[in-house]
Protein chains: 2
Amino acid sequence: MATVRKSTLSDVARRAGVSATTASYILNGRSAQMRIAPATQDRVLKAAADLRYRPNPSARSLRTSTTRTVGVISDLVAGGSFASQMLTGASAAARMLAHLIVIGESQGDPQLEALLVEEMLDRHVDGIIYATLATSEVSVPRPLRQQRVVLLNCVDRATQLPAVLPDEYEGGRTAVAELLAGEVPGEIHVVGEMSSEGGSLAGPLRLDGIRDALREAGRDLAGVLSCPWDVAPAFDVVDGFLRDGGRAAGLVCLNDRVALGTFQALAEHGLVVPDDVSVVSFDGSELAGWLRPRLTSVAIPYADLGARAVEMLLDTKEQGPSVVRVPMPVARGTSVLRAR
Amino acid sequence: MATVRKSTLSDVARRAGVSATTASYILNGRSAQMRIAPATQDRVLKAAADLRYRPNPSARSLRTSTTRTVGVISDLVAGGSFASQMLTGASAAARMLAHLIVIGESQGDPQLEALLVEEMLDRHVDGIIYATLATSEVSVPRPLRQQRVVLLNCVDRATQLPAVLPDEYEGGRTAVAELLAGEVPGEIHVVGEMSSEGGSLAGPLRLDGIRDALREAGRDLAGVLSCPWDVAPAFDVVDGFLRDGGRAAGLVCLNDRVALGTFQALAEHGLVVPDDVSVVSFDGSELAGWLRPRLTSVAIPYADLGARAVEMLLDTKEQGPSVVRVPMPVARGTSVLRAR
DNA sequence: TGATCCTGCTGATTCGATTCAGCATGTGGT
DNA sequence: ACCACATGCTGAATCGAATCAGCAGGATCA
């Protein structure tokens, strides 16, 4: 642990033969306003380089009360690659802006959440990103309200805080576009829950987009096979549908897990994707790429969301509350029957 | 942004009618050695509570040069839930020890990695966890060597740094135990790559465990279907095997993606899991739970790894270099034929 | 020759907590 | 009545950088 003693501003100043004050001005790029002679400037810069001078962030923070860190608080119940990707984006954006990311996971526990918020505020993070796994409506903890905050993947109607979300409505339209770019000679159904309980906002918006896009194409939505967004429920509902003699040429699954369940049910009934049924989905998860055939999925741009959130947070142009919708790109597979 | 002015130690001291020195001693639990009168102690504690005093971490760090943060540097190429789970564990453990986690993702880029290391050292993190996605042999960046470091999911033979890894060998044995707890009236094969290139250490160790456990049970390994650890390659190799007339009663897949490919190939050949073939796997990912039937998988305890790494890092008992192997628990599904 | 201005720098203070060294009291012993 | 000692507290320095106010010294002008 024999760490080399770090050199301080005074070390640099001494080596350059100037006062710490002067060195400070120069190293902070304020030479101009302070009328520092170019020669002096060079000497100090050289000294700093020689000594590998790196300012002590604690000292700086103490004076300026900014820490060049941003806190990310999420409920992200481990597992999904959500957190991972979102943090990747956030972390990259933060690096660009010379910040580091401090994380805290509330695991959905309001008390833990409050603790984490407090701890981050104690440490004077320059801002906090409040993220949720599922797109949802939230009520941010009190102490956060008068801080720099950006909501990620959620909104808080009460407070009008700035937020970053996927553009679910356009995503819905995109899914339909993918489907109709192929051959779909029959009914189109949606698979997935749309009951508004649970607070997820994604479902209704995607469904709106799907409905509108279909209508504009002169087709309509034959029905919705309603189920929770998971593999087994999706299997059951699609299995039931087929067992009852239901037939569809196109299925829009509301996420990739639903699509997996759907694939399994279709296989069980001897139906082949995409020859018998075309399938598109949402999430753009790894899973989509693992299926046979590979699934066309409208992706949730987690990394982008993370990056945008950080940028908004650190953007000094203090624009008012605003909600940014990030486009959902397509991860294209071969689950849609090609047009002849 | 109208943040309430935070109260300082002097505020507390003034309110309690003592000096800042005294307040400091009391709040740091050093009343005893400093012979503070109980009454004074109570007054200070009360004042601190009244004012909702929270020490300023920057000031404290400046004096003590400890920051109550730990850095996590990983290559974690987004996507896998690896990072997410590992951070969950790390973050929980850190909370217990009153620390926060600062993250940095190197994306496998040594230059970026060096930058991140530097930035974290600048900020005086109390220690760094150096993590890799795939269990592998690494060479940690220079500046890290004389710091408090714990390797996570990797080892550095050159430096003998402490490390935390899954117990892959025992995991291999566990997989076999799961398989043989059922009915496996025929050959047992392994599916997955075992060439030692790439630096992944998991494969060979799992394979050793598998071989030893089989031998001890009086069975042997009929063969290894070699392929990269991913869905499509696994599908191809198993498909080829079956096409060539190969038959197996038990398959040990080296990870869950391989197992998915294997499931797909088996289905293609009309083979039913577990009736015709029993399958076990490694990873314990969500995917295992999504398959039909649910896959029995020996889990990589990411959260535990993260937690253990943090604990080792912050454990002051400065024990020498040591390598900890964390047990791999079973996520049990129904992919093994039940014994009659 | 002195008043004025500009140039180029520096001293001293501040941020908030920690910590060493030491200073008043009060108590006990002789 | 005087010294020794324990008790209970405090002053001042310190960590490293930022920043305000201001000071020499030379040039410029009347």
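Per chain, numbering begins at 1; letters A, B, ... match sequence-line order.
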Assess, by modelled atom type and distance only, whether the side chains of [X] and [Y] contain a donor and an acceptor separated by less than 3.5 Å.
X	Y	result
Ser91(B)	Thr88(B)	no
Ser61(A)	Ser58(A)	no
Gln41(A)	Tyr25(A)	no

Taking the side chain from [X] and the backbone from [Y], do they hold a donor-acceptor pair closer than 3.5 Å?
X	Y	result
Arg325(B)	Pro166(B)	yes
Arg308(A)	Ala303(A)	no
Asn153(A)	Thr132(A)	yes
Asn28(B)	Ser24(B)	yes

Just how far, in rounded Å, is [atom2] of [N] from [atom1] of [X]?
X	N	atom1	atom2	answer
Arg43(B)	dC9(D)	CZ	P	7 Å
Arg14(A)	dG16(D)	CZ	P	11 Å
Asp42(B)	dC9(D)	CG	P	12 Å
His124(A)	dC15(C)	NE2	C1'	11 Å
Leu51(A)	dA17(D)	CG	C1'	16 Å
Ile26(B)	dA17(C)	CD1	C1'	15 Å
Asp11(B)	dG16(C)	CG	P	9 Å
Asn28(A)	dG16(D)	CG	P	17 Å

Testing dT10(C), dC9(C), dT10(D) for proximity to the side chain of Ser19(A), the answer is dT10(C)

Any idea which of dT10(C), dA17(C), dA17(D) is nearest the Tyr53(A) side chain?
dA17(D)

Base, sugar-phosphate alone, or nothing: which one does Leu9(B) contact when heavy atoms must sit under 4.0 Å apart?
base

By the 4.0 Å heavy-atom rule, please label Thr40(B) as base, sugar-phosphate, or nothing.
sugar-phosphate

Could you write out each protein N or O paired with an N or O of nucleotides 20-24 of chain D at a distance under 3.5 Å?
| residue | atom | partner | partner atom | Å |
| --- | --- | --- | --- | --- |
| dC20(D) | N4 | Tyr25(A) | OH | 3.1 |

Restricting both atoms to N or O, compile the protein contacts to nucleotides 13-15 of chain D shorter than 3.5 Å, with distance only.
| residue | atom | partner | partner atom | Å |
| --- | --- | --- | --- | --- |
| dT14(D) | O2 | Arg63(B) | NE | 3.4 |
| dT14(D) | O2 | Arg63(B) | NH1 | 2.7 |

Between the side chains of Asp11(A) and Lys6(A), is the shortest nitrogen-to-carboxylate-oxygen separation below 4.0 Å, so that they form an ion pair?
no

Arg95(A)/Glu105(B) salt bridge by N-O under 4.0 Å criterion:
no

Does Ser24(B) have a side-chain nitrogen or oxygen under 4.0 Å from the phosphate oxygens OP1 or OP2 of dT18(C)?
yes

Short side-chain N/O contact from Ser58(A) to OP1 or OP2 of dA17(D), under 4.0 Å
no

